[in-house]
Amino acid sequence: MSNKFILVINCGSSSIKFALFNITNKKKILSGLAERLLLEKSNVIWKINKTKHQNLIVSKASHKNALDFIINNILKKNIYLFKNIIGIGHRIVHGGNKITKSSIINNKIIKLIKDAIIFSPLHNPINLIGIYESLKNFPHLFNKNVGVFDTVFHRTIPKTAHIYAIPYMFYNKYNIKRYGAHGISHNYVMKKTSKILNKNLNSLNIIICHLGNGSSISAVKNGICVDTSMGLTPLEGLVMGTRSGDIDPYIIFYMNKILGFNMKKISNILINKSGLLGLNGVSSDCRYIAKNYYCNKLVKLSLDIFCYRLSKYISSYFAIMVDRLDAIIFTGGIGENSYLVREKSLSKLALMGVFLDNEKNIKICKGKYGLISKLNSIPVLVVKTNEELAIAEDTIKLILN
Ligand code: ADP
């Protein structure tokens, strides 16, 4: 067996996920999470050979501090692993209008990632920190860094679904359109579902609900994405942990003109203070919400609105399937674990032919996956996503070719 490894770096707004995969059997050798970045008590947890470790790093650690820790205090302390890293895969949220596939990182790709910052100001700059730190700390791998882009999966969405109904020149001249996000997860889950259902990818019609802190839903027809709920940025669509999802754009003018809020404040409200947290005023964490669903009215209302919006999206995507829907898939931290969310959002879809098997639905959580619908229903499946593995696989393909 090969003893070469791929490092995967997934830099988020306040966390970094990292993992090391064996290139031959694709097994995860090491995985970890740096969290609470830029906040008090920044922390790294990691697992190697099934043993868990945890370490506080400097308080309010930057992404660069955290990457320094990961490289010097974790990877270099396991020198055998460190020396055998032959490529690095980076999750990049926004590839802009020009990036069409996973790509070896070079100056041209870095420029395109920079150009897309206007569409992803929270994520792309942080993704770039991951790239710069890798190039600095692994100079011998300068042409073995690969960018894997969340937007790429959605490039097949037809014009009718990706152009906004605002004057055409905003599309034509300024590239304002639906780019979508979470594409790495949607793509991985689509391929996995095709294997689970034993159905040819080219004829697979499914709806994928990726529900986590950020949530999005995709319609896949004949193995390609034909619509998704996130838009120009990851703010549009479903209700999320702290993001509003769809709102009437006039609310922004109201906040600005009538309430006197400036644009920075409004964007902070819509991105960080809305969604589940904004509605219930206590928590964006679905575990807390599920626990307190029956004893706190606003907590209940927040999850009911979350599930109502999800039901509406699922049924609108059902309509665009036209002739056949093979399955509805739930994935992501909430989709994989919250039977309550699955029950509340699917209970409204009987007219579509969706009938949940309550017993199976309750059983499938905490790391278990599979069918949760009755036999006479459109199949509903819980499928585990694995964005890090998907990034590792694309990286292996590109650097070994
Ligand atoms: P992201 O990758 O977008 O940060 P995740 O996919 O890890 O998010 O999902 C995080 C969400 O999953 C949180 O809201 C968390 O509460 C929820 N979650 C995780 N486990 C459970 C569970 N057992 N029951 C309900 N929700 C859960």
Side-chain angles (χ1 to χ4, degrees), residues 8-19 31-39 43 45 63 91-93 120 122-123 126-127 148 150 180-189 208-218 228-230 233-243 245 271-272 274-280 282-294 296 299-300 302-307 309-310 329-345 361-369 372 382-391:
V8 171
I9 296 178
N10 179 352
C11 287
S13 47
S14 64
S15 70
I16 301 174
K17 291 179 187 157
F18 56 99
S31 63
L33 172 72
E35 56 186 355
R36 299 188 55 80
L37 301 181
L38 312 172
L39 300 169
N43 184 35
I45 45 177
H63 288 76
R91 179 199 182 176
I92 313 290
V93 168
S120 184
L122 298 180
H123 295 102
I126 288 167
N127 299 157
V148 182
D150 268 313
H182 287 148
I184 300 169
S185 171
H186 285 285
N187 190 20
Y188 176 86
V189 168
I208 304 168
C209 310
H210 174 110
L211 311 175
N213 287 317
S215 292
S216 68
I217 173 165
S218 281
T228 196
S229 57
M230 284 178 167
T233 73
L235 186 54
E236 191 183 344
L238 299 174
V239 176
M240 304 180 219
T242 62
R243 283 174 249 167
I271 294 169
N272 300 314
S274 294
L276 291 167
L277 174 68
L279 287 165
N280 65 44
V282 202
S283 179
S284 62
D285 189 325
C286 195
R287 275 167 293 210
Y288 174 90
I289 292 169
K291 230 188 214 167
N292 292 280
Y293 182 78
Y294 292 104
N296 177 323
V299 164
K300 178 175 183 306
S302 66
L303 199 71
D304 288 346
I305 293 173
F306 180 100
C307 295
R309 177 100 45 99
L310 178 58
I329 314 298
F330 280 78
T331 193
I334 298 174
E336 290 166 28
N337 293 295
S338 177
Y339 63 85
L340 187 62
V341 164
R342 297 191 302 249
E343 179 200 309
K344 298 276 163 209
S345 50
N361 183 40
I362 289 174
K363 270 192 192 155
I364 291 196
C365 54
K366 298 204 174 108
K368 292 209 178 75
Y369 307 97
I372 56 169
V382 177
V383 175
K384 185 175 166 47
T385 191
N386 194 338
E387 286 158 303
E388 275 74 31
L389 176 60
I391 295 167

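Note that ligands are numbered from 1 as they come in the structure, with each ligand's atoms numbered from 1 the same way.
Annotation: Cys286 places an N or O atom under 3.5 Å from an N or O atom of ligand 1; distance criterion only. Polar contact check, Ser338 against ligand 1: no nitrogen or oxygen pair lies under 3.5 Å apart. At under 3.5 Å, a nitrogen or oxygen of Gly333, whether backbone or side chain, sits near a nitrogen or oxygen of ligand 1. Considering backbone and side-chain N/O atoms, Asp285 comes within less than 3.5 Å of an N/O atom of ligand 1.
Annotation for ligand 1: atoms under 4.0 Å from non-hydrogen atoms of Gly214 are 3 (O). In the vicinity of Lys17, heavy-atom distances shorter than 4.0 Å reach the ligand 1 atoms 2 (O).
Defined by atom type and a distance below 3.5 Å, a donor-acceptor pair is present between the side-chain atoms of Asp304 and Tyr293. A donor and an acceptor atom, one from each side chain of Arg342 and Asn361, are located under 3.5 Å apart. A donor-acceptor pair shorter than 3.5 Å cannot be found between the side chains of Glu387 and Asn10.
Remark: of the listed residues Leu303, Ile362, Ile289, Ile334, Leu303 is the sole one forming a side chain to side chain contact (heavy atoms under 4.5 Å, CB included) with Leu340.
The option from Leu276, Ile334, Thr385, Thr331 that lies nearest to atom 11 (C) of ligand 1, judged by heavy atoms, is Ile334. Of the candidates Leu33, Leu211, Asn213, the one placing a heavy atom closest to atom 8 (O) of ligand 1 is Asn213.
Of the heavy atoms in Ala290, none comes closer than 4.0 Å to ligand 1.
Partners of Ser216 by side chain to side chain donor-acceptor pair (under 3.5 Å), not counting sequence neighbours, listed by chain and number: His182, His186. The side chain to side chain donor-acceptor pair (under 3.5 Å) test applied to Ser345 returns no partner, not counting sequence neighbours.
Comment: Asp150 engages Arg91 in a salt bridge, judged by a side-chain N to carboxylate O separation of less than 4.0 angstrom.
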